[in-house]
Amino acid sequence: MKFFSKKNSTDKKKSKKSNVIMLPNDAHYHRQRGMAMMNNNQNEEALLCFKKALEIDPNDIETLTAIAMLLTEIERAEEALVMCNFVLDRLDDDPDQIYVLMATNYVSILQFDAAYRALELVRTTGKNKYVCADAKRMQREIEQYCEDSERDKHFFDFDRALLFFKVNDFDRAEQL
């Protein structure tokens, strides 16, 4: 039977730690660091880590997707959409999450038709039933928002017409 002193076990832990720390040329290391920073709302630092990961491995789908998620989170929708399309061009299979991410960005820049189409792709070709259900829920929310906006627009026009009518501006009231 072999006994280890505390000194030996500590030395082994240090060597294991040093192996982890000594991986700055590993894309996975930088991506994980970026994800940790993103979770702590250190978004600019996270973006720098993701860029470093891409310098090491420019085709890493996970890093590209993480950048798209970060850009979405910090409300840089146009850049996030470019990154999503970049990922889709390189993705071999299962693009559902990317389409949902794209839909989220389209909604944030008020392109509801494009968002709806992206979600429809998920619903019709998606493999993950939970992502498909999420896409269906998002589509219903878009439909509801558009219906409410249209109804609000009509009420607003009606109120404006009444106002013009009250001030005897019949021509403008009739146009609405």
Side-chain angles (χ1 to χ4, degrees), residues 13 16-153 156:
K13 286 181 184 175
K16 286 181 182 178
K17 265 190 174 179
S18 65
N19 286 339
V20 172
I21 293 171
M22 295 176 61
L23 296 175
N25 291 328
D26 182 25
H28 177 75
Y29 168 79
H30 289 286
R31 183 179 61 250
Q32 291 304 316
R33 247 183 104 202
M35 294 299 288
M37 290 182 178
M38 191 170 115
N39 289 336
N40 290 325
N41 291 323
Q42 297 173 314
N43 297 324
E44 292 306 317
E45 294 87 353
L47 198 53
L48 291 174
C49 288
F50 293 145
K51 286 182 180 181
K52 181 68 177 170
L54 286 180
E55 287 173 10
I56 297 167
D57 185 359
N59 295 315
D60 183 31
I61 296 295
E62 290 181 43
T63 301
L64 294 167
T65 303
I67 292 172
M69 290 169 46
L70 175 62
L71 292 170
T72 300
E73 189 171 308
I74 60 176
E75 298 177 358
R76 290 167 50 181
E78 288 87 2
E79 294 172 78
L81 287 166
V82 169
M83 188 57 68
C84 287
N85 281 312
F86 193 73
V87 169
L88 284 174
D89 289 343
R90 284 153 184 73
L91 197 60
D92 293 333
D93 138 83
D94 200 20
D96 298 346
Q97 292 285 4
I98 301 299
Y99 283 122
V100 170
L101 193 58
M102 290 177 76
T104 302
N105 285 292
Y106 281 128
V107 166
S108 72
I109 58 174
L110 306 178
Q111 292 185 6
F112 299 111
D113 289 342
Y116 198 87
R117 284 192 305 272
L119 294 168
E120 191 61 30
L121 279 171
V122 174
R123 287 191 54 223
T124 56
T125 63
K127 297 175 184 170
N128 183 320
K129 67 180 181 180
Y130 299 107
V131 176
C132 292
D134 199 30
K136 186 175 183 176
R137 179 193 53 78
M138 289 175 72
Q139 278 185 316
R140 281 194 303 263
E141 289 175 5
I142 290 170
E143 290 168 353
Q144 185 64 46
Y145 177 82
C146 291
E147 287 172 10
D148 291 347
S149 295
E150 191 64 28
R151 185 173 52 245
D152 291 345
K153 179 184 173 287
F156 180 70

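Keep in mind that the numbers below use all heavy atoms, side chains included, and drop hydrogens, waters and symmetry copies. Keep in mind that this is a model prediction, so the values were computed, not measured.
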**Request:** Establish, yes or no, whether the cationic atom of Arg90 lies under 6.0 Å from the six-membered ring centre of Phe86 and within 45° of the ring axis.
**Result:**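 Arg90 over Phe86 ring: yes.
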**Asked** Quick one: side-chain hydrogen bond (donor to acceptor under 3.5 Å, both in side chains) partners of Glu143, sequence neighbours excluded?
**Response**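 Once residues adjacent in sequence are excluded, the partners of Glu143 under the side-chain hydrogen bond (donor to acceptor under 3.5 Å, both in side chains) criterion are Tyr116.
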**Asked** Taking only residues two or more places apart in sequence or in another chain, which ones pass side-chain hydrogen bond (donor to acceptor under 3.5 Å, both in side chains) with Glu79?
**Response**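 For Glu79, the residues satisfying side-chain hydrogen bond (donor to acceptor under 3.5 Å, both in side chains) (neighbours in sequence not counted) are Arg76.
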[atom1]-[atom2] distance between [X] and [Y], expressed to the nearest 0.5 angstrom:
X: Arg137; Y: Leu119; atom1: CZ; atom2: CG; result: 9.5 Å
X: Met35; Y: Cys49; atom1: CE; atom2: SG; result: 11.5 Å
X: Leu48; Y: Met37; atom1: CG; atom2: CE; result: 8.5 Å
X: Ile142; Y: Arg140; atom1: CD1; atom2: CZ; result: 11.5 Å
X: Ile98; Y: Cys84; atom1: CD1; atom2: SG; result: 5.5 Å

Grab the two heavy atoms, one from [X] and one from [Y], that are nearest each other, plus how far apart they are.
X: Pro58; Y: Leu64; answer: O-CD1, 4.2 Å
X: Gly126; Y: Asp96; answer: CA-OD2, 3.2 Å
X: Ala77; Y: Asn105; answer: CA-OD1, 3.3 Å
X: Leu71; Y: Ala80; answer: CB-CB, 3.7 Å
X: Met38; Y: Phe50; answer: SD-CE1, 4.2 Å

Is there a side-chain contact between [X] and [Y], using heavy atoms and a 4.5 Å cut-off?
X: Ile61; Y: Asn59; answer: no
X: Leu54; Y: Ile67; answer: yes
X: Leu88; Y: Met102; answer: yes
X: Thr72; Y: Met69; answer: no
X: Asp26; Y: Ile56; answer: no
X: Glu73; Y: Asn41; answer: yes

**Asked** Can you check salt bridge (Lys or Arg N to Asp or Glu O under 4.0 Å) on Glu120 and Arg123, steps first, answer last?
**Response** CA-CA 5 Å; Glu120 191 61 30; Arg123 287 191 54 223; 3.6 Å; yes
Can a donor-acceptor pair be found, under 3.5 Å and without considering hydrogens, that links the side chain of [X] to the backbone of [Y]?
X: Asp57; Y: Ala53; answer: no
X: Asn128; Y: Tyr130; answer: yes
X: Asp60; Y: Ala27; answer: no

**Asked** Does the pair His28 and Arg31 meet the rule for a side chain to side chain donor-acceptor pair (under 3.5 Å), with working shown?
**Response** CA-CA 5 Å; His28 177 75; Arg31 183 179 61 250; 2.8 Å; yes
**Request:** For this output row, return yes or no: ring centroids of Tyr106 and Phe112 closer than 6.0 angstrom.
**Result:**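 No, ring centres 6.0 Å or more apart.
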**Prompt:** Is Lys51 salt-bridged to Glu55, cutoff N-O under 4.0 Å?
**Reply:**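 Salt bridge: no.
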